[in-house]
Engineer: 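The structure is given below, and queries will be raised subsequently.
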Amino acid sequence: MLKKSIQPKNITYRTGRGLIMSEFFSALGQHAFLQTALLAGLLASIGCGVIGTFVVVKRIAFMAGGIAHSVLGGMGAALYYGVDPLLGALLAAILSALLIGAVRLLWKTQEDTLIGALWAIGMAIGILFIAKTPGYATDLMSFLFGNILLVPTRELWFMAALDLGLILTVALFYRQFLAITFDEEFARLRGVPVTFFYLLLLCLVAVTVVLLIQVVGLILVIALLTLPAAIAGHYVHSLGGMMLIATLLGGLFTSLGLGVSYGPDLPAGPTMILIAGGVYVLSALFSHALTRRRAWRRATAV
Amino acid sequence: MTEHAPMSNLSSKPAIQVQNLSFSYGESRVLEHVDLTITPGEFVGLVGPNAGGKSTLLKLILGLLEPQTGQIRVLGQTPRQAARRIGYVPQFPSFPRDFPISVEQVVAMGRLGIGSMLGWQRAADRDAARRALNEVEALDLARRRIGSLSGGQLQRVLLARALAGEPEILILDEPTANIDQRVETDVFDLLATLNQRLTILLVSHDIAFISGYVSRVACLNRTLTCHGTDAVDGETIRELYGSHVRLVAHHH
């Protein structure tokens with residue numbers, strides 16, 4: 001990695017966290033790749049806040065996991081045929097979202113089995129393609145676990161375009177998405193094309209997965225998709241509020257993860273996930289205690 | 001309040017017309033040759049034993065299921081075309097109770113399909129939602145979280161959601177199954193008021209209780225066994241449920 005030649009490892013290990021972060025900030029001013037990485041994290045946070053909220057309240061994390069993992073098939077095929085892997089990932093994610101959506105709508109009884117199978121089949125296809133592509137074996141790790149430091153600047157535009165698409169779609173059809181997430185049967189009675197919007201929501205999940213793969217890789221995507229929204233759900237009780245707070249939290253986790261991992265030369269993706277996971281656990285304990293305390297107060301108030 | 005004469009100022013077209021309807025879920029036949037005509041302004045109570053096909057008949061009338069044989073017309077249209085002109089109150093809320101949403105937003109969902117498809121809620125929808133909440137005397141709950149309501153409050157809110165779409169027919173599936181009897185009486189008094197402008201079809205297992213409110217009772221056990229305008233007596237109940245049902249008198 002580029003920064004190894006700039007920054008000797010043994011010095012940073014002995015410094016405290018504050019020094020590591022300040023070192024990150026001074027490096028941020030000097031190195032364009034760090035600025036790009038920071039921006040990539042912030043752009044991914046928008047998707048993770050807006051769509052992650054739907055994933056959490058509609059409880060489709062397992063389906064989102066299926067979509068994320070089967071994306072490897074598309075990335076592998078794109079590498080093999082010499083196409084941009086991100087484009088391959090986008091196509092594969094949308095195809096897999098539609099397949100998984102169709103499974104959920106048509107074979108409800110074996111939903112989990114079939115989604116689990118699609119999950120693994122997609123990965124198997126990807127690994128076969130990558131194995132047959134000369135010279136690309138090292139990229140497998142960055143697909144699986146992400147490498148935010150290697151995001152090329154031009155891809156920021158691609159990510160921004162995906163974000164814009166996500167926000168516009170959700171804003172235009174907010175009431176329909178709310179209705180199908182809250183109560184499918186009632187939405188159907190009110191003439192909302194439930195199947196269409198359900199599949200569209202899964203496609204938006206697919207787009208978000210592609211955004212997040214840049215940052216944390218396809219194995220870790222699911223955590224960044226669900227944890228910020230789940231933490232927001234501990235404190236706010238509106239969908240819009242959850243989206244806003246989850247976006248801010250996503251930005252915080254990716255930036256903090258990048259900053260903390262920079263000094264000790266840790267991989268950024270797993271660092272972000274551990275921070276998000278740690279905050280989630282603390283928040284769950286805290287909000288649980290808060291609820292109990294409120295109930296206790298109410299019970300003893302009279 | 002026993003007899004409600006059909007309103008003469010409405011068209012003579014039946015509000016709901018079911019003809020020779022049969023329906024099966026896979027192997028088991030749930031409905032057999034059902035004929036039922038409800039005229040505008042009626043308050044019909046649909047009673048029958050569990051698994052007698054009551055909820056299935058409602059789902060067919062709402063267009064959520066397609067009949068295998070027979071025909072259903074709602075306000076002269078197919079059920080799916082007419083669905084937006086019906087207000088539906090389900091037996092069990094088909095949503096998770098911990099969903100982050102306010103009562104007002106839930107009620108405003110009853111306005112979907114009215115006006116433009118795009119964008120956020122409009123002021124007109126918010127007003128209609130508040131009017132509906134006011135009508136069921138639950139305006140004070142508007143800002144509450146849906147998960148924080150009691151059973152009776154939730155029932156009123158679901159009724160408000162059905163009313164927000166300004167329906168012509170109101171269909172309720174066991175609206176009082178999960179609430180205590182004092183609230184039950186309140187709900188039925190409210191329905192009696194609404195019946196002055198709406199046709200109502202209500203499913204209940206509590207035949208004796210509803211007979212004081214409805215204009216007519218239809219009894220369903222796979223097929224329509226009684227369909228009269230007279231008060232339901234012990235004989236019809238025995239016919240419907242078998243012979244070992246104890247009749248408990250309700251007084252209101």
Side-chain angles (χ1 to χ4, degrees), chain A residues 49 52-61 108-109 167-197 200 229-246 284 287-288 291 294-295 298, chain B residues 26 55 58-59 61-65 74 79-122 125 143-148 158 161-162 164-165 167 169 171 173:
Chain A
T53 297
F54 283 118
V55 170
V56 168
V57 298
K58 186 121 180 93
R59 296 171 193 196
I60 50 171
K108 234 172 184 163
T109 47
I167 291 172
L168 277 180
T169 314
V170 170
L172 279 178
F173 300 109
Y174 184 75
R175 288 190 308 156
Q176 284 82 357
F177 282 123
L178 180 63
I180 65 146
T181 317
F182 179 65
D183 189 343
E184 275 185 34
E185 184 185 76
F186 192 79
R188 187 166 280 126
L189 288 175
R190 296 304 308 171
V192 175
V194 171
T195 306
F196 172 79
F197 279 107
L200 185 59
I231 296 167
H234 289 154
Y235 306 102
V236 290
H237 303 295
S238 78
L239 219 52
M242 272 179 81
M243 287 178 183
L244 185 69
I245 292 182
S287 74
H288 186 67
T291 315
R294 264 196 217 127
R298 194 152 298 169
Chain B
S55 293
L58 287 197
K59 287 204 162 107
I61 293 172
L62 289 163
L64 291 171
L65 293 173
V74 179
R80 293 195 73 164
Q81 287 168 337
R84 267 175 272 186
R85 299 165 74 187
I86 301 176
Y88 173 55
V89 182
Q91 179 179 5
F92 303 107
S94 44
F95 50 80
R97 291 291 297 269
D98 61 353
F99 199 96
I101 192 168
S102 72
V103 164
E104 195 176 10
Q105 283 175 301
V106 171
V107 175
M109 255 179 234
R111 301 284 297 172
L112 275 166
I114 297 172
S116 160
M117 253 181 87
L118 301 177
W120 268 277
Q121 249 182 56
R122 281 167 300 272
D125 295 336
R143 302 245 160 236
R144 290 268 295 274
R145 206 151 39 86
I146 196 75
S148 71
L158 292 180
R161 177 176 72 165
I169 301 173
I171 292 184
D173 194 355

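Because only heavy atoms are used, hydrogens play no part in the values below, and waters and symmetry mates are left out as well, while side chains stay in. Below, chains carry the letters A, B, ... as their sequence lines are ordered, and counting in each starts from 1.
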Engineer: Any side-chain heavy-atom pair from A:L239 and B:Q105 closer than 4.5 angstrom?
Structural biologist: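 Contact flag for A:L239/B:Q105 side chains = no.
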Engineer: Supply the atom-to-atom distance A:F182 CZ to B:M109 CE, rounded to the nearest 0.5 angstrom.
Structural biologist: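 Answer rounded to 0.5 Å: 5.5 Å.
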Engineer: Would a distance-only check, ignoring hydrogens and angles, find a side-chain to backbone donor-acceptor pair under 3.5 Å from A:R190 to B:R111?
Structural biologist: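 Not a single qualifying donor-acceptor pair exists.
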Engineer: Side-chain contact, heavy-atom cut-off 4.5 Å: B:I101 with A:L178?
Structural biologist: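 The answer is yes; the side chains approach within 4.5 Å.
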Engineer: Can you say whether A:V192 sits under 4.5 Å from chain B via the side chain, the backbone, both, or neither, judging by heavy atoms?
Structural biologist: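 For A:V192, side-chain heavy atoms alone lie under 4.5 Å from chain B.
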Engineer: Would the number of heavy atoms belonging to other residues, nucleotides or ligands and lying under 6.0 Å from CZ of B:R97 be above 12?
Structural biologist: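 Atom CZ in B:R97 is crowded, with more than 12 foreign heavy atoms closer than 6.0 Å.
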Engineer: Under 4.5 Å from any heavy atom of chain A, what part of B:L64 do you find: side chain, backbone, both or neither?
Structural biologist: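 Side chain of B:L64 only, per the 4.5 Å heavy-atom cut-off to chain A.
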Engineer: In terms of heavy-atom proximity below 4.5 Å to chain A, should B:R145 be classed as side chain, backbone, both, or neither?
Structural biologist: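 Side chain of B:R145 only, per the 4.5 Å heavy-atom cut-off to chain A.
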Engineer: Answer yes or no: does atom CZ of B:R80 have more than 12 heavy-atom neighbours from other residues, nucleotides or ligands under 6.0 Å?
Structural biologist: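 Counting neighbours around CZ of B:R80, 12 or fewer heavy atoms of other residues, nucleotides or ligands fall under 6.0 Å, so no.
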Engineer: Hey, does A:T181 have a side-chain heavy atom less than 4.5 Å from the side chain of B:F99?
Structural biologist: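 Yes. Closest side-chain heavy atoms under 4.5 Å.
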Engineer: In the structure I gave you, are the side-chain heavy atoms of A:V236 and B:P100 within less than 4.5 Å of one another anywhere?
Structural biologist: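 Sidechains of B:P100 and A:V236: no contact.
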Engineer: What distance separates B:L112 CG from A:R188 CZ, expressed to the nearest 0.5 Å?
Structural biologist: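 Answer for the CG-CZ pair, B:L112 versus A:R188, is 13.5 Å.
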Engineer: Which bit of B:Y88 comes within less than 4.5 Å of chain A, counting heavy atoms only: side chain, backbone, both or neither?
Structural biologist: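 Both backbone and side chain of B:Y88 come within 4.5 Å of chain A.
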Engineer: Quick one: does A:E185's side chain get under 4.5 Å of B:L62's, heavy atoms only?
Structural biologist: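 The answer is no, as the side chains (C-beta and beyond) never meet within the 4.5 Å cut-off.
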Engineer: Nearest 0.5 Å, please: how far is OG in B:S102 from NE2 in A:H237?
Structural biologist: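 Going from the NE2 atom of A:H237 to the OG atom of B:S102 covers 12.0 Å.
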